[in-house]
Amino acid sequence: MMSVPSSDKTSDQHFSLRSATVLQLQTFRVICQPQDTEEDFVQWRISPIEVQMAPEETAPIYALVGDLAIGVGEWFVGATASIMFAASDDEADETAMREDLTAVAQCYGPWAARVLWDHVSAAARTVSALCHGSVGRIDIPGDMPDVTYPSPGGQTGRTTNDEE
């Protein structure tokens, strides 16, 4: 995985994503448990998932998954959520024509990352507060950490932190 600098707030990417409409936001994994190794890490990843193709007369429907994994001392906390959204701009039509899930993650990931981060970090905070023995030992970051996205070709990813 390689790291790239944060994108500029005035980039085309930030303007082109305003036409995306969230259709569903769903948490499907929240876990807090002891881990065998005392490894400290924070991983925040955005990945595309395939959804059923929409009829040509409707806007393309996409889905991204945000996966948070945190290891602190002997504790592990994780949360995963998906966001399904429709996009109606020209860039979305071009992405849909290419049928490239990596392009979806690259194009819409920075926008979805903030929504997904807010959702999964809240779930992780809740479960860590309810997990017997972990209270006060696990610190879920308040600010979104660097995000790892799949790169074209699927071999390595890129990370960014789009602070606003």
Shortest non-hydrogen contact between [X] and [Y], atoms and distance:
X      : Y     : answer
Gly109 : Ile46 : CA-CG2, 4.2 Å
Ala112 : Ile83 : CB-CG2, 4.0 Å
Ala105 : Leu64 : CA-CD2, 3.8 Å

[X] side chain near [Y] side chain, heavy-atom distance below 4.5 Å:
X      : Y      : value
Ile138 : Cys32  : yes
Ser121 : Pro141 : no
Pro110 : Tyr149 : yes

Can you hop from Val147 to Val115 via hydrophobic side chains spaced under 4.5 Å? yes
Tell me which donor-acceptor pairs under 3.5 Å the side chains of residues 67-77 have, and how far apart each pair is, sequence neighbours excluded?
| from | atom 1 | to | atom 2 | distance (Å) |
| --- | --- | --- | --- | --- |
| Asp67 | OD1 | Arg29 | NH2 | 2.6 |
| Asp67 | OD1 | Thr80 | OG1 | 2.5 |
| Glu74 | OE2 | Arg137 | NH1 | 2.5 |

Roughly how far apart are [X] [atom1] and [Y] [atom2], rounded to 0.5 Å?
X      : Y      : atom1 : atom2 : value
Ser82  : Gln24  : OG    : CD    : 6.0 Å
Ser128 : Ile31  : OG    : CD1   : 13.0 Å
His119 : Leu25  : NE2   : CG    : 4.0 Å
Gln106 : Leu101 : CD    : CG    : 12.0 Å
Asp118 : Leu116 : CG    : CG    : 9.0 Å
Asp146 : Trp44  : CG    : CH2   : 12.5 Å

Indicate the ring-plane relationship of Trp111 and Phe85, choosing parallel, tilted or perpendicular according to the 30° and 60° boundaries. perpendicular
More than 12 heavy atoms of other groups within 6.0 Å of Asp40 CG: yes
Non-neighbouring partners of Asp139 that pass salt bridge (Lys or Arg N to Asp or Glu O under 4.0 Å), sequence neighbours left out: none
Tell me, with the steps shown, if Met84 and Ile61 meet side-chain contact (heavy atoms from CB on, under 4.5 Å). CA-CA 7 Å; Met84 191 178 314; Ile61 297 173; 3.6 Å; yes
Which residue pairs pass the salt bridge (Lys or Arg N to Asp or Glu O under 4.0 Å) test when at least one of the two sits in residues 120-134, sequence neighbours left out? none
